[in-house]
Amino acid sequence: MKQEFTRIAVKVGSNVLARRDGTLDVTRMSALVDQIAELHKAGVEIILISSGAVASGRSEIHPQKKLDSVDQRQLFSAVGQAKLINRYYELFREHGIPVGQVLTTKESFGTRRHYLNQKNCMTVMLENGVIPIVNENDTISVSELMFTDNDELSGLIASMMNTQALIILSNIDGIYNGSPTDPQSSVIREIGHSKDLSNYIQTSKSSFGRGGMLTKTNIARKVADEGITVIIANGKRDNILVDLLQHPDETLCTRFVPSSEPVSSVKKWIAHSEGFAKGEIHINDCATKVLNSEKAVSILPVGITRIEGEFERDDIVRIIDNQGNQIGVGKANCDSTQARETIGKHGKKAVVHYDYLYIE
Ligand SMILES: Nc1ncnc2c1ncn2[C@@H]1O[C@H](COP(=O)(O)OP(=O)(O)O)[C@@H](O)[C@H]1O
Ligand SMILES: N[C@@H](CCC(=O)OP(=O)(O)O)C(=O)O
């Protein structure tokens with residue numbers, strides 16, 4: 001059996017797992033588990049990121065009084081996640097494959113220590129032949145502490161676990177070059193580095209999804225820039241996972257071409273840590289130019305025009321150009337007071353060192 005990848009992350013959207021009425025589509029789940037089991041037995045390490053907790057809880061519990069959206073999400077996910085993982089456990093057991101549950105939150109990616117703890121957990125699972133099944137811990141992550149959706153989470157996991165591919169399974173064959181409902185539009189098969197897709201993406205979402213195609217596209221681009229192949233495909237199509245890996249050329253999907261330049265593990269973490277940024281470092285045009293060149297350069301005080309916000313050494317900061325556009329993210333080498341004291345000065349140590357700087 002010919003296979004390009006030996007470690008992959010697979011994200012399954014709510015719509016793949018839920019029927020129209022919101023109940024769990026056990027037939028679909030079972031078909032996906034069969035495919036994952038086939039790949040696992042062929043030696044592919046798989047991390048499964050599965051949505052569906054809220055959708056499967058909603059059909060189980062019928063609250064007496066009207067609940068607000070936070071209460072609903074907490075209640076449905078608490079019940080639904082138990083149901084979901086139980087199903088997976090039973091289905092994988094039929095193949096003799098052990099699975100483990102990893103529930104996480106956005107905050108768990110905020111510090112390098114937490115990040116490495118999670119990485120270690122999933123590494124030890126894979127080393128012992130256990131398939132990690134990951135979801136956001138919806139019971140405790142509320143509003144600004146939430147991931148945009150599980151597409152964002154799957155990108156973080158793929159990057160953290162150094163997978164060769166991230167396969168995002170939704171209820172659509174890929175990204176269309178127009179409205180998906182327009183018979184004139186077709187699936188874009190391959191997307192290179194600098195292609196702007198914003199004109200194609202509608203804000204519509206499938207009935208149980210959270211982020212829509214726009215977050216999928218943004219995440220896919222970022223992850224592909226880190227050297228990981230990203231594939232968006234239809235999880236409702238029979239045998240889709242096995243076909244994507246074994247017959248990639250004949251299988252309908254959108255594939256984001258990965259960058260060939262390797263990105264260090266620390267830089268990958270920084271790239272996905274933007275949401276935790278404590279401050280902003282504004283830089284002049286000259287500094288922007290050298291940062292965008294091929295050279296490995298740090299951010300020196302001489303190129304800084306302004307510091308916004310208060311941060312400590314090792315906090316995440318955004319890098320902003322003279323036009324106010326964010327051009328990167330980095331880990332501060334000093335606190336904001338020290339950084340302000342050196343603005344514009346020559347011969348001072350870097351405020352963000354190159355090794356801890358991710359330029360977008
Ligand atoms: N250009 C496009 N190509 C494909 N799908 C699109 C496009 N623009 C918007 N969409 C919508 O994005 C939806 C998939 O995103 P989402 O609802 O978040 O799915 P999931 O639950 O699998 O994460 C599709 O069902 C489709 O309605
Ligand atoms: N953690 C949520 C996932 C929500 C979500 O992001 O859904 P989707 O856009 O379908 O991947 C759940 O399990 O219901």
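Note that these values count all heavy atoms, side chains included, but never hydrogens, waters or copies made by symmetry. Whatever order the structure lists ligands and atoms in, that order sets their numbers, starting from 1.
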Within the side chain of [X], is there an N or O that forms a donor-acceptor pair under 3.5 Å with the backbone of [Y]?
X    : Y    : result
N128 : V124 : yes
T251 : P248 : no
N150 : L153 : no
S77  : R73  : yes

Checklist entry - How does K11 reach ligand 2, by side chain, by backbone, by both or by neither, if only non-hydrogen atoms under 4.0 Å count? => result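 The side chain, only.
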Item to check | D138 contact mode with ligand 2 (heavy-atom cut-off under 4.0 Å) | outcome: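 For D138, only side-chain atoms sit under 4.0 Å from ligand 2.
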Ligand 2 N/O within reach of [X] N/O, cut-off under 3.5 Å:
X    : value
E136 : no
D151 : no
V54  : yes
S50  : no

Looking at [X], which atoms of ligand 1 are within less than 4.0 Å of one of its heavy atoms?
X    : answer
N171 : 24 (C), 25 (O)
G13  : 22 (O)
K11  : 23 (O)
P180 : 2 (C), 3 (N), 4 (C), 5 (N), 6 (C), 7 (C)

Item to check | Per atom 22 (O) of ligand 1, closest listed option by heavy atom (S51, S170, G52, A18) | outcome: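 Result: the heavy atom closest to atom 22 (O) of ligand 1 is in S170.
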Checklist entry - For atom 12 (C) of ligand 2, which candidate among S154, S170, A53, S56 holds the nearest heavy atom? => result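 Looking at heavy atoms only, the winner is A53.
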Item to check | Qualifying residues under ring pair (Phe, Tyr, Trp, His ring centres under 6.0 Å), relative to F109, sequence neighbours excluded | outcome: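 Once residues adjacent in sequence are excluded, the partners of F109 under the ring pair (Phe, Tyr, Trp, His ring centres under 6.0 Å) criterion are F147.
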Next on the checklist: Please confirm whether G178 approaches ligand 1 to less than 4.0 Å, judged on its heavy atoms.
Outcome noted: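 Yes.
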Item to check | G174 to ligand 1, any heavy atom closer than 4.0 Å | outcome: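 Within the 4.0 Å threshold, so yes.
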Checklist entry - So is K278 actually on top of F311's ring, under 6.0 Å and inside 45° of the axis? => result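 Output no; distance or angle outside limits.
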Next on the checklist: Cation-pi check for Y88 against K83: NZ or CZ below 6.0 Å from the six-membered ring centre and within 45 degrees of the axis, yes or no?
Outcome noted: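 No; the conditions do not both hold, so K83 does not lie above the ring face of Y88.
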Item to check | Proximal atoms of ligand 2 relative to D149 (non-hydrogen, under 4.0 Å) | outcome: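 In order of number, 6 (O).
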Checklist entry - With atoms numbered from 1 as shown, which atoms in ligand 2 lie under 4.0 angstrom from a non-hydrogen atom of G13? => result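 Once the distances to G13 are compared, the set is 10 (O), 11 (O).
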Checklist entry - With respect to E152, which candidate in K106, K11, K216 satisfies the salt bridge (Lys or Arg N to Asp or Glu O under 4.0 Å) definition? => result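 Only one of K106, K11, K216 forms a salt bridge (Lys or Arg N to Asp or Glu O under 4.0 Å) with E152, namely K106.
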Next on the checklist: Check for me whether S77 has a heavy atom closer than 4.0 Å to any atom of ligand 2.
Outcome noted: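 Contact check S77 vs ligand 2: negative.
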Checklist entry - Just distances here: any N/O of N15 and N/O of ligand 1 closer than 3.5 Å? => result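 There is such a contact, yes.
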Next on the checklist: Apply side-chain hydrogen bond (donor to acceptor under 3.5 Å, both in side chains) to residues E226 and H272 and explain how you reach the verdict.
Outcome noted: CA-CA 11 Å; E226 292 167 17; H272 289 276; 2.9 Å; yes
Next on the checklist: Around atom CD of E261, are there more than 12 heavy atoms from other residues, nucleotides or ligands closer than 6.0 Å?
Outcome noted: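 No, CD of E261 has 12 or fewer neighbouring heavy atoms, counting only those of other groups under 6.0 Å.
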Next on the checklist: What verdict does the salt bridge (charged side-chain N to carboxylate O under 4.0 Å, His left out) test give for R306 and E308, after you've listed the backbone C-alpha separation in whole Å, the side-chain angles of each residue and the deciding distance to 0.1 Å?
Outcome noted: CA-CA 7 Å; R306 203 168 88 230; E308 290 282 336; 2.7 Å; yes
Item to check | Pairwise distance CG(L48) to OG(S154) - rounded to 0.5 angstrom | outcome: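 One gets 11.0 Å once the value is rounded to the nearest 0.5 Å.
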Checklist entry - Is K236 touching ligand 1 with its side chain, its backbone, both, or neither, if touching means heavy atoms under 4.0 Å apart? => result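 For K236, no heavy atom sits under 4.0 Å from ligand 1.
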